[in-house]
Asker: 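The structure's right below; bear with me while I get my questions together.
Atoms within a ligand are numbered from 1 in the order they appear, just like the ligands themselves. For the single chain, residues carry numbers from 1 onward in sequence order. Atom set for the values below is all heavy atoms of this structure, side chains included, hydrogens, waters and symmetry mates excluded.
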Amino acid sequence: MGSPRVGILAIQGDVEAHAAAVRGVGAIPVRVLREKDLDGLAALILPGGESTTITKGMDRLGLWQPLAEFANGGRPILGTCAGAILMAREVEHHPVQTLSLIDVTARRNAYGTQVDSFAAQVDPGGADRLSGFRCVFIRAPQLRRPGPEVEVLARVAGEAVLVQQGRCLAATFHPELSEDRRVHRLLLELAD
Ligand code: GLN
């Protein structure tokens with residue numbers, strides 16, 4: 001079997017750093033800009049950037065339905081930062097359209113302007129597999145009111161920063177900006 005191919009939605013945002021992280025876990029990054037780019041992918045990443053811009057690009061490229069079908073077909077998706085917003089069922093504070101794949105409410109720019117970028121370690125006592133992960137936050141959202149099917153895999157200062165529902169993951173931070181590849185590895189494990 002060849003290396004798995006992992007798509008990265010390439011409308012806008014942190015595509016190159018995700019591509020490097022995907023290579024780092026032994027998979028092949030594929031830029032996704034149209035429906036046929038999704039063929040044969042093991043998993044998909046929605047990168048951070050600006051969710052308003054990314055949703056406009058998805059409108060223009062007709063990608064809402066294909067991405068919903070990708071998820072419905074059981075293939076895993078990881079949304080990071082702006083991508084996490086697109087995974088949420090609901091958005092507060094400048095709402096945008098979402099794929100509604102994880103039962104949480106995303107609050108955009110929830111850390112305000114004064115601390116709009118920072119790094120912090122995952123709280124001890126959460127899912128052991130992410131203990132000590134150093135998370136980079138850039139104008140990050142918060143994920144609130146997780147529904148009963150949502151598992152919180154990691155918290156920082158008590159806030160959920162990585163959540164999972166089925167084969168969907170949402171991280172409010174930028175795992176591609178750390179050397180630590182545990183979040184990308186987790187995505188690949190979900191594809192098995
Ligand atoms: N603040 C951005 C938004 O609301 C997300 C920032 C990011 O992805 N780094 O879309």
Asker: Could you tell me which atoms of ligand 1, counted from 1 in the order shown, lie closer than 4.0 angstrom to a heavy atom of Ile138?
Answerer: 6 (C), 7 (C), 9 (N)
Asker: Flag yes if more than 12 heavy atoms outside Arg134 fall under 6.0 Å of its CZ atom; otherwise flag no.
Answerer: no
Asker: Measure from the side-chain N and O atoms of Asp116 to the backbone N and O of Gly112, and report whether any donor-acceptor pair falls under 3.5 Å.
Answerer: no
Asker: Heavy-atom contacts under 4.0 Å between His174 and ligand 1: side chain, backbone, both, or neither?
Answerer: side chain
Asker: What atoms of ligand 1 come within less than 4.0 Å of a heavy atom belonging to Ile85?
Answerer: 3 (C), 4 (O), 10 (O)
Asker: Which residue supplies the protein heavy atom nearest to atom 2 (C) of ligand 1, what is that atom called, and how far is it?
Answerer: Gly49 O, 3.6 Å
Asker: When you look at Ser51 and Arg108, which way does the side-chain hydrogen bond (donor to acceptor under 3.5 Å, both in side chains) test go after all the steps?
Answerer: CA-CA 9 Å; Ser51 51; Arg108 294 179 65 189; 3.3 Å; yes
Asker: Could you check whether Arg181 pairs with Glu176 (Lys NZ or Arg NE/NH1/NH2 to Asp/Glu carboxylate O, under 4.0 Å)?
Answerer: no
Asker: Under 3.5 Å between some N or O of ligand 1 and some N or O of Cys81?
Answerer: no
Asker: Short list, please: which atoms of ligand 1 are under 4.0 Å from a heavy atom of Gly48?
Answerer: 8 (O)
Asker: What is the nearest protein non-hydrogen atom to atom 1 (N) of ligand 1, stated with its residue, atom name and distance?
Answerer: Asn109 OD1, 2.6 Å
Asker: Counting only heavy atoms closer than 4.0 Å, does ligand 1 sit against the backbone of Arg108, its side chain, both, or neither?
Answerer: side chain
Asker: Are any of the side-chain heavy atoms of Tyr111 and Arg139 separated by less than 4.5 Å?
Answerer: no
Asker: Considering the options Ile8, Leu78, Leu38, which one meets the side-chain contact (heavy atoms from CB on, under 4.5 Å) requirement together with Leu44?
Answerer: Leu38
Asker: For ligand 1, which atoms sit closer than 4.0 Å to a heavy atom of Ser51?
Answerer: 3 (C), 4 (O), 10 (O)
Asker: Hydrophobic clustering (ILVMFWY, side-chain heavy atoms < 4.5 Å, transitive) - are Ile77 and Val96 grouped together?
Answerer: no
